[in-house]
Asker: 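Questions regarding the structure given below will be posed in turn.
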Amino acid sequence: MPGLTNPSSDYSAWYNEVVLQGELADYAPVRGCMIIRPYGYAIWELMQQALDGMFKETGHQNVYFPLLIPESFLQKEAEHVEGFAPECAVVTHGGGKKLEEPLVIRPTSETIIWNTYRDWIQSYRDLPLLYNQWANVLRWELRTRLFLRTLEFLWQEGHTAHATQEEAVEETHRMLGVYRRFAEEWMALPVIPGIKTESEKFAGAVQTLCIEAMMGDRRALQAGTSHFLGQNFAKAFDVTYQDETGGRQHVWATSWGVSTRLIGALIMGHGDEKGLRLPPRLAPYQVVVVPIYKTDEEKTAVLESAHRLVDFLKTSARVKLDDRDTVRPGFKFNEWELRGVPLRVEMGPKDLAKGQVVLARRDTGTKEFLPQEGLAEHVRATMDDIHRTLFEQAKAFRDANTFRVDTWEEFRERTAGEGGSGFLLAHWDGAAETEALIKEETKATIRCIPLDNPQEAGKCVRTGKPSTQRVVFAKAY
RNA sequence: CGGGGCGUAGCGCAGUCCGGUUAGCGCACCAGACUGGGGGUCUGGUGGUCCCCGGUUCGAAUCCGGGCGCCCCGACCA
């Protein structure tokens, strides 16, 4: 197996190699599509389990709507059609015949869902509707990257309906909070929760909330979004309910989603020159046991002992025994490091004799000798520590690459050249034209206006016009 | 859609400029032996529509014409 390109010399080559060599995914026969391999899919399944549990804890139920949407549905919400029509794939033929009405392959499901909600909602007693679906969607992107932006991707999309604006807004924030917790507590990634500007918000939303993370090349990645849709879709699809007083009201809506892009965030948020570093809670294998032996007698003894150890550890961690006889230990070390397994146990004749094992940490690269007794406890504690360490490292990196920028000169300097610029906290006059101008001149965009943003008087970094707060600029994926 | 790169064994590539034995190398794979605490060594072996179509030629991976596809960089976006 060839070595990895160093991330500091060519970040995107490094990223692709981690995905391909680590066997997370492969290219598909069709441009921009990918095959998710077992190891990559296992990470996605762990993400799904954790998120699904959090959705259910917050009162949501899963549903499934169809892949195909009548083309006319997309056209009912003006902003929505403008945003999505250019990237829709359209089915025009079926069964060898031209269809009466073309069918769009869903780029997102608001339209088909709200078309259905019209029938499901009559009274305030029917509300709220708190539904989520796990699905694939298709967007005909021009430029694709494994996991970060593929034509087809897997995601979850929550679609809720509420009687009042207050309730819907509260739901939007609640789900952003869920995403933030997931990012921090499962992915070990610090994120900035915030509000998108008008030009960056979801097509059809009144307000888009997001969490923004910093990748290893100092670029920003939007890791999740939660939209307050107002009554836009209710009006487009004529969804109303009768309130307690007998009056007819339009329903208030939210939608929110995260996708397989999060796997890309994991890679770029924690990876190093050896490959992936998985946070333990999302690692398909949390511990890999590598037996070491020369002779047949040693092999028998070591494997027997290794099996006992694995059975023992199984109750407290996801353990993989790598008993392949076709590759040597050094190869296994490198391979599992590339694939980001948080902990490795090495066990050989010398260890057997001493009743110990070698425990190696992926995050710090340190090795320690430990008695087999009490190992499960130690593994559990170490995994918690790895999670903390990954989070702290990512946060330290982000903080070291976050700058308060007050002059246009400095802004230009920090965004010059290829690669990321870090997060630039700068004043902005609030005008879409200024935002567009800055984007054109520097490639940096406003990632978000942080929630609970401190207010301070200042001058727009580009125009010098008065401003009341700093916003987060960055070059983004 | 613009710019760049590439298409030859499962993967990575050489050969193409300047046409000519049986298309080659590394890795992987198969068999065996020795090995085994950080990406093993040796011996033998399997595996090819040279992206596709057409043309030139006694002869094309190589020259000419046309087409297709993928990757990377930008514009669009989770």
Side-chain angles (χ1 to χ4, degrees), chain A residues 1-5 10-13 15-17 20-21 23 26-34 82-88 107-108 136-157 179 196 199-203 208 210-213 220-227 255-265 274-275 290-296 298-299 302 324-338 344-353 356-358 360 365 367 369 418-419 439-440 443 445 447 475-477:
Chain A
M1 198 178 295
L4 283 177
T5 297
D10 187 342
Y11 199 77
S12 84
Y15 175 81
N16 285 329
E17 287 166 12
L20 297 171
Q21 289 182 30
E23 296 184 357
D26 216 339
Y27 290 109
V30 176
R31 176 194 76 87
C33 294
M34 72 173 173
E82 197 186 323
F84 284 104
E87 54 185 50
C88 282
T108 179
N136 58 340
V137 287
L138 192 78
R139 297 179 186 178
W140 212 263
E141 303 289 352
L142 301 174
R143 175 112 161 67
T144 57
R145 290 165 70 79
L146 293 167
F147 285 116
L148 295 179
R149 182 169 295 105
T150 45
L151 297 199
E152 180 189 4
F153 57 95
L154 304 183
W155 77 346
Q156 61 64 216
E157 45 181 328
Y179 289 154
K196 286 290 187 192
S199 59
E200 295 276 336
K201 74 170 198 209
F202 176 75
T208 289
C210 63
I211 50 172
E212 294 284 330
L221 183 80
Q222 180 175 313
T225 48
S226 183
H227 315 291
S255 70
W256 28 272
V258 297
S259 72
T260 36
R261 159 179 270 201
L262 290 180
I263 295 173
K274 286 180 164 181
V290 179
I292 293 158
Y293 47 80
K294 290 198 203 62
T295 64
D296 280 350
E298 283 176 352
K299 178 179 173 180
V302 169
R324 284 177 296 174
D325 218 2
T326 49
V327 290
R328 301 176 5 150
F331 182 92
K332 296 177 184 177
F333 295 170
N334 282 288
E335 185 176 83
W336 292 117
E337 280 166 2
L338 167 67
R344 179 180 70 239
V345 171
E346 301 169 22
M347 187 186 238
K350 291 180 221 164
D351 304 306
L352 241 55
Q356 66 174 27
V357 296
V358 178
K367 282 191 185 188
F369 297 89
E418 297 303 308
K439 180 179 180 182
E440 197 185 316
K443 303 262 162 60
T445 51
R447 301 323 304 155
K475 292 201 219 171
Y477 275 101

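Order of the sequence lines sets the chain letters (A, B, ...), proteins ahead of strands, with each chain counted from 1. Keep in mind the model is a prediction, meaning the values are calculated, not measured.
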Asker: For the atom pair CZ (A:Arg31) and OG1 (A:Thr144), what is the distance rounded to the nearest 0.5 Å?
Answerer: 5.5 Å
Asker: Measure the shortest side-chain to side-chain distance between A:Leu20 and A:Leu146 over non-hydrogen atoms and say whether it is less than 4.5 angstrom.
Answerer: yes
Asker: Between A:Phe333 and A:Pro86, which has a closest nucleotide on RNA chain B that is more 5'?
Answerer: A:Phe333
Asker: When the C1' atoms of B:A23 and B:G39 are compared, how many Å lie between them, rounded to an integer?
Answerer: 31 Å
Asker: In whole Å, measure the gap between the P atoms of B:U56 and B:G65 for me.
Answerer: 15 Å
Asker: What integer distance in Å separates A:Asp325:CG from B:G36:P?
Answerer: 13 Å
Asker: Given that both distances must come in under 3.5 Å, which nucleotide forms a Watson-Crick or G-U wobble pair with B:C70?
Answerer: B:G5
Asker: Roughly how far, to the nearest 0.5 Å, is the OG atom of A:Ser259 from the CG atom of A:Leu148?
Answerer: 9.0 Å
Asker: Whole angstroms only, please: what is the CD-P distance between A:Glu152 and B:A78?
Answerer: 18 Å
Asker: Which label fits A:Trp256 and A:Tyr179: parallel for a plane angle under 30°, tilted from 30 to 60°, or perpendicular past 60°?
Answerer: perpendicular
Asker: Show me the protein contacts with nucleotides 40-44 of chain B, counting only N or O atoms at under 3.5 Å.
Answerer:
unit_1, atom_1, unit_2, atom_2, d
B:G40, N9, A:Arg328, NH1, 3.4

Asker: C1' atom, B:C50 versus B:U41: distance in rounded Å?
Answerer: 33 Å
Asker: Taking atom C1' of B:C11 as reference, at what distance in whole Å does atom CD of A:Glu23 sit?
Answerer: 12 Å
Asker: What is the distance, rounded to the nearest whole Å, between atom CD of A:Gln156 and atom C1' of B:A78?
Answerer: 12 Å
Asker: Can you spot which of A:Lys367, A:Lys350, A:Arg344, A:Met347 makes a side chain to side chain contact (heavy atoms under 4.5 Å, CB included) with A:Val358?
Answerer: A:Lys367
Asker: My understanding is that a pair needs two contacts under 3.5 Å, Watson-Crick or G-U wobble. By that rule, which nucleotide pairs with B:U41?
Answerer: B:A33
Asker: If the C1' atom of B:C17 is compared with that of B:C64, how far apart are they to the nearest Å?
Answerer: 15 Å
Asker: Taking the C1' atom in each of B:G10 and B:A75, what is the distance between them to the nearest angstrom?
Answerer: 36 Å
Asker: Provide the Watson-Crick or G-U wobble partner of B:A14, both distances under 3.5 Å; none if there is no partner.
Answerer: none
Asker: Is A:Leu221 touching bases, backbone alone, or none of the nucleic acid, heavy atoms closer than 4.0 Å?
Answerer: nothing
Asker: Using atom CD1 of A:Ile211 as one end and atom P of B:A78 as the other, report the distance to the nearest whole Å.
Answerer: 14 Å
Asker: Between B:C58 and B:G19, how far is it from one C1' atom to the other, in whole Å?
Answerer: 12 Å
Asker: Can you tell me the pairing partner of B:U21 across any strand shown, Watson-Crick or G-U wobble, with both distances under 3.5 angstrom?
Answerer: none
Asker: Taking the nucleotide of RNA chain B with the nearest heavy atom to each, does A:Lys443 or A:Glu346 sit closer to the 5' end?
Answerer: A:Glu346
Asker: How would you label the contact of A:Val358 with the nucleic acid (heavy atoms, under 4.0 Å): base, sugar-phosphate, or nothing?
Answerer: base
Asker: Given the C1' atoms of B:C52 and B:U8, what is the spacing between them in whole Å?
Answerer: 14 Å
Asker: Is the charged tip of A:Arg261 near the ring of A:Phe153: under 6.0 Å from the six-membered ring centre and within 45° of its axis?
Answerer: no
Asker: Considering every strand shown, what is the Watson-Crick or G-U wobble mate of B:C50 when both distances are under 3.5 Å?
Answerer: none
Asker: For a quick check of understanding: with a heavy-atom distance under 4.0 Å over all strands, which category does A:Gln222 fall into, base, sugar-phosphate or nothing?
Answerer: sugar-phosphate
Asker: How far does the C1' atom of B:C71 sit from the matching atom of B:C51, given to the nearest Å?
Answerer: 15 Å
Asker: Taking the six-membered ring of A:Tyr477 (Phe, Tyr or Trp), confirm whether the NZ or CZ of A:Arg145 is under 6.0 Å from its centre and within 45° of its axis.
Answerer: no
Asker: Between C1' on B:G12 and CG on A:Leu4, what's the gap in Å once rounded to a whole number?
Answerer: 15 Å
Asker: Do A:Glu337 and B:G38 share a donor-acceptor pair, side chain to base, under 3.5 Å?
Answerer: yes
Asker: Could you tell me how far apart A:Met34 (CE) and B:A78 (P) are, to the nearest whole angstrom?
Answerer: 17 Å
Asker: For the side chain of A:Leu142, counting heavy atoms from C-beta on, which of B:C76, B:G38, B:G37 is nearest?
Answerer: B:C76
Asker: Applying the Watson-Crick and G-U wobble criteria at under 3.5 Å, what pairs with B:C63? Answer none if nothing qualifies.
Answerer: B:G55
Asker: Just compare B:G38, B:G36, B:A78 and give me whichever is closest to any side-chain atom of A:Thr150.
Answerer: B:A78
Asker: Rounded to the nearest 0.5 Å, what separation is found between the CD atom of A:Glu346 and the CZ atom of A:Phe369?
Answerer: 8.0 Å
Asker: Rounded to whole Å, please give me the gap between CD in A:Glu212 and C1' in B:A78.
Answerer: 11 Å
Asker: At less than 3.5 Å, do the side-chain atoms of A:Lys332 and the base atoms of B:G36 form a donor-acceptor pair?
Answerer: no
Asker: For the atom pair OG1 (A:Thr108) and CZ (A:Arg139), what is the distance rounded to the nearest 0.5 Å?
Answerer: 5.5 Å
Asker: Scan A:Ser259 against the nucleic acid and name what it touches under 4.0 Å (heavy atoms): base, sugar-phosphate only, or nothing.
Answerer: base
Asker: To the closest 0.5 Å, what do you measure between CG (A:Leu138) and SG (A:Cys33)?
Answerer: 7.0 Å
Asker: In chain order, what residues pass the salt bridge (charged side-chain N to carboxylate O under 4.0 Å, His left out) check against A:Lys274, with sequence neighbours excluded?
Answerer: A:Glu337
Asker: Are there any protein N/O atoms within less than 3.5 Å of an N/O atom in nucleotides 66-72 of chain B, and if so, which ones and at what distance?
Answerer:
unit_1, atom_1, unit_2, atom_2, d
B:C70, OP1, A:Arg31, N, 2.8
B:C72, OP1, A:Asn16, ND2, 3.4

Asker: Give a yes/no on whether any side-chain N or O of A:Lys439 is located under 4.0 angstrom from OP1 or OP2 of B:C76.
Answerer: yes
Asker: Can we say A:Glu212 and A:Lys196 salt-bridge, meaning some charged N sits less than 4.0 Å from an Asp/Glu carboxylate O?
Answerer: yes
